[in-house]
Amino acid sequence: MKIKTLGCINLDKNNMVLMTAIFITILFNILPVEYIFPLLIILAGLLLGAAIILIDSPQEFNAIFLIFIAGFATRILLSMFLYSATSILNKDYGFFIGDGCNYSLNGWKISRLWELGVNVTRANFVSSFGSASGTVSNYDFLNAFIYSISGYSPMSLFFINCLAGSITIIFIFIIAKNIFNREIAMVSSVLCAFWPSFILWSSQNLKDPLTNFGIIGFLYFLIKLRHNLRFNTLLFLFFCLLIVYYVRPLMIIPLGMASAVYFLFCFRLPKVLKISFIVFMALLTLYLLKDVIVPYLRSGILEEINSVRAVRSYGNLAYFSEFRFTSWWSILIYMPLGFFAVWFLPFPWQGFSSSQIFAGPEILVWYMLFPFFVKGVCIAIKNNSKDSYFLLAAIAVFSIFLIMYEGNLGTLYRHKAVIIMLTFIFAGLGLQSRHTVNSLDAFSIEVNK
């Protein structure tokens with residue numbers, strides 16, 4: 001009787017798989033690919049999220065997958081609502097944030113040129129074919145690649161970013177759980193899943209979701225690599241690094257600095273091998289980012305940093321725009337001001353657009369969470385967890401990077417998302433400290449054996 005029952009269950013599962021395959025095949029033949037592709041992204045995203053959880057933390061599958069689905073669905077629904085609303089209002093071709101519209105227009109033009117057999121590069125696109133934004137980046141070409149497969153399907157671009165933002169939730173949960181415990185992981189991942197600005201940016205056609213996915217994914221796989229040296233982990237590590245390099249290459253510098261510190265002091269390898277590998281990676285980074293780094297070497301690092309920040313300090317959202325880096329001492333003097341800006345600006349009343357006003361309430365919540373972050377940092381240092389030191393190093397290095405390069409509240413708030421995500425882990429530790437200190441003491445002993 002049991003065998004028959006099991007057989008019926010297997011038959012039902014097989015029938016479900018068969019019916020799903022038939023249904024997808026019918027849809028492919030009835031609907032245009034631009035309508036099908038977003039549905040495939042959702043299906044592939046659910047499978048990818050489930051696979052990551054099952055491979056790394058199967059015992060926590062129900063909890064993580066529920067948070068993942070909730071975050072993914074929220075982003076999908078918001079992107080559909082905003083696209084429909086802005087399309088009805090004839091605003092930016094359905095794009096709520098104008099930057100995404102420019103990426104899309106450039107991507108669609110590039111994909112059409114590819115279809116005609118025209119060779120398009122970053123060097124000739126602006127001068128020969130014109131750009132909606134006046135410039136072009138790798139992300140425009142990523143838009144073009146998606147459109148060359150899906151046809152003109154803005155929802156595909158939105159859903160890819162929805163997926164990137166949602167997979168990051170899984171990484172945050174597993175990092176927090178492996179370093180601390182399940183309760184802290186729940187707090188930090190829920191904050192990441194439902195933090196309003198994270199939802200907004202992940203539902204739009206922006207660089208930030210993929211950048212954050214690449215950085216947090218890199219941290220996740222590097223921590224995993226320290227505890228279990230495996231080829232597939234190394235492969236995924238470089239995949240995440242490639243995403244960061246392609247979408248926002250300058251972020252390789254702070255990511256590499258934090259990782260070098262972690263690798264040098266926490267990996268169990270001979271020091272000669274560690275130093276040799278770090279030198280090799282530094283030279284490789286210098287070669288890959290030569291177009292970014294060489295101007296700094298030619299004109300002088302200080303002058304170039306000052307120039308970059310001055311260019312960013314414009315508009316009604318500029319801050320400390322009159323401050324100039326005239327010497328290395330001036331940078332040191334600016335550090336406290338910059339730290340204040342990175343961690344506490346914008347103020348809730350500094351919203352001038354609908355997307356900026358959207359972030360107002362969360363800034364107040366951020367101020368309330370900050371003392372718990374400080375408390376969590378103190379507990380983590382006390383318990384001497386090397387992996388938590390790595391996260392703190394990443395927070396510190398990315399903060400210094402933004403202090404020196406940012407001068408606009410709009411871009412600052414988007415670019416410091418990685419810092420906020422990592423901060424949630426320690427804020428969760430601070431919030432749960434009354435229940436977790438004893439368990440963390442035992443955990444730190446185990447970690448540092």
Side-chain angles (χ1 to χ4, degrees), residues 92 95-104 106 131-140 142 161 164-165 168 195-216 244 246-255 292 304-325 334-335 337-360 362-363 366 395 397-423:
D92 288 336
F95 289 81
F96 183 68
I97 297 178
D99 290 350
C101 178
N102 293 329
Y103 295 137
S104 176
N106 288 340
S131 168
S133 59
T135 184
V136 69
S137 67
N138 287 339
Y139 190 73
D140 298 81
L142 179 61
N161 279 332
T168 305
W195 199 248
S197 61
F198 293 174
I199 295 175
L200 177 61
W201 300 328
S202 297
S203 66
Q204 295 298 295
N205 183 33
L206 301 172
K207 297 178 182 180
D208 304 278
L210 283 174
T211 303
N212 298 336
F213 168 83
I215 293 173
I216 298 297
V244 179
Y246 186 81
V247 178
R248 189 165 280 145
L250 203 58
M251 287 295 180
I252 293 288
I253 297 173
L255 183 62
V292 177
E304 193 66 22
I305 291 175
N306 181 63
S307 175
V308 169
R309 190 186 179 280
V311 169
R312 292 176 180 270
S313 303
Y314 66 92
N316 59 354
L317 291 180
Y319 63 91
F320 306 141
S321 55
E322 300 301 320
F323 200 98
R324 291 292 180 265
F325 297 147
Y334 177 75
M335 278 293 170
L337 290 173
F339 177 86
F340 176 82
V342 168
W343 282 85
F344 301 109
L345 295 182
F347 292 123
W349 56 84
Q350 290 180 298
F352 299 97
S353 68
S354 54
S355 60
Q356 292 159 7
I357 294 172
F358 188 78
E362 76 179 39
I363 297 173
W366 167 250
I395 291 173
V397 172
F398 276 99
S399 296
I400 293 172
F401 181 80
L402 293 180
I403 285 170
M404 297 175 66
Y405 283 89
E406 282 297 342
N408 184 278
L409 293 177
T411 56
L412 169 66
Y413 200 65
R414 292 216 310 260
H415 294 169
K416 72 175 184 178
V418 167
I419 296 173
I420 296 175
M421 290 179 186
L422 298 177
T423 299

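FYI, side chains are in, hydrogens and waters are out, and symmetry mates aren't considered; it's all heavy atoms of this structure.
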Is the ring pair Trp201/Phe198 parallel, tilted or perpendicular, if the boundaries are 30 and 60 degrees?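 Answer is tilted, since the angle falls between 30° and 60°.
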Where does the angle between the aromatic ring planes of Trp343 and Trp366 fall among parallel (under 30°), tilted (30 to 60°) and perpendicular (over 60°)?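 It falls in the parallel class, under 30°.
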Residues in salt bridge (charged side-chain N to carboxylate O under 4.0 Å, His left out) with Asp208, at least two apart?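 In terms of salt bridge (charged side-chain N to carboxylate O under 4.0 Å, His left out), with neighbours along the sequence ignored, Asp208 is linked to Arg248, Arg414.
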Under the side-chain contact (heavy atoms from CB on, under 4.5 Å) criterion, do Glu406 and Leu402 qualify, and how do the steps go? CA-CA 5 Å; Glu406 282 297 342; Leu402 293 180; 3.8 Å; yes
Please find the pair of heavy atoms, one from [X] and one from [Y], that lie closest to each other, and give the distance.
X: Ala417; Y: Asn212; result: CB-ND2, 3.6 Å
X: Leu210; Y: Tyr139; result: CD1-CE1, 4.0 Å
X: Ser202; Y: Pro209; result: CA-CG, 3.7 Å
X: Val244; Y: Gly214; result: CG2-C, 3.5 Å
X: Thr168; Y: Met421; result: CG2-SD, 3.6 Å
X: Val397; Y: Pro254; result: CG1-O, 3.4 Å

CA sep, side-chain torsions, deciding dist, call: Ser137, Tyr103, side-chain contact (heavy atoms from CB on, under 4.5 Å): CA-CA 9 Å; Ser137 67; Tyr103 295 137; 4.3 Å; yes
Asn106, Asn102, Asp140 screened by side-chain hydrogen bond (donor to acceptor under 3.5 Å, both in side chains) with Ser131, the one that passes: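 The residue from Asn106, Asn102, Asp140 that satisfies side-chain hydrogen bond (donor to acceptor under 3.5 Å, both in side chains) with Ser131 turns out to be Asn106.
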Do [X] and [Y] touch side chain to side chain, with heavy atoms closer than 4.5 Å?
X: Ile403; Y: Met335; value: yes
X: Leu422; Y: Ile216; value: yes
X: Ile363; Y: Phe344; value: no

Quick check for you: to the nearest 0.5 Å, what is the distance between [X] atom [atom1] and [Y] atom [atom2]?
X: Cys101; Y: Gln204; atom1: SG; atom2: CD; result: 11.0 Å
X: Ile395; Y: Thr423; atom1: CD1; atom2: OG1; result: 4.0 Å
X: Ile420; Y: Phe398; atom1: CD1; atom2: CZ; result: 13.5 Å
X: Tyr334; Y: Phe320; atom1: OH; atom2: CZ; result: 6.0 Å

Under a 3.5 Å distance rule, please check whether Ser104 uses its side chain to pair with a backbone N or O of Gly100 as donor and acceptor.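 Answer holds: no.
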Asn138 side chain vs Tyr246 backbone, donor-acceptor pair below 3.5 Å: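 Yes, Asn138 side chain to Tyr246 backbone: donor-acceptor pair under 3.5 Å.
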With side-chain contact (heavy atoms from CB on, under 4.5 Å) as the criterion, how do Tyr413 and Leu345 come out once you've worked through the C-alpha distance, each side chain's angles and the decisive distance to 0.1 Å? CA-CA 8 Å; Tyr413 200 65; Leu345 295 182; over 6 Å; no
Can you check side-chain contact (heavy atoms from CB on, under 4.5 Å) on Phe401 and His415, steps first, answer last? CA-CA 10 Å; Phe401 181 80; His415 294 169; over 6 Å; no
Could you tell me whether Arg309 sits above the aromatic face of Tyr319, with NZ or CZ closer than 6.0 angstrom to the six-membered ring centre and within 45 degrees of the axis?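 Yes; both conditions hold, so Arg309 lies above the ring face of Tyr319.
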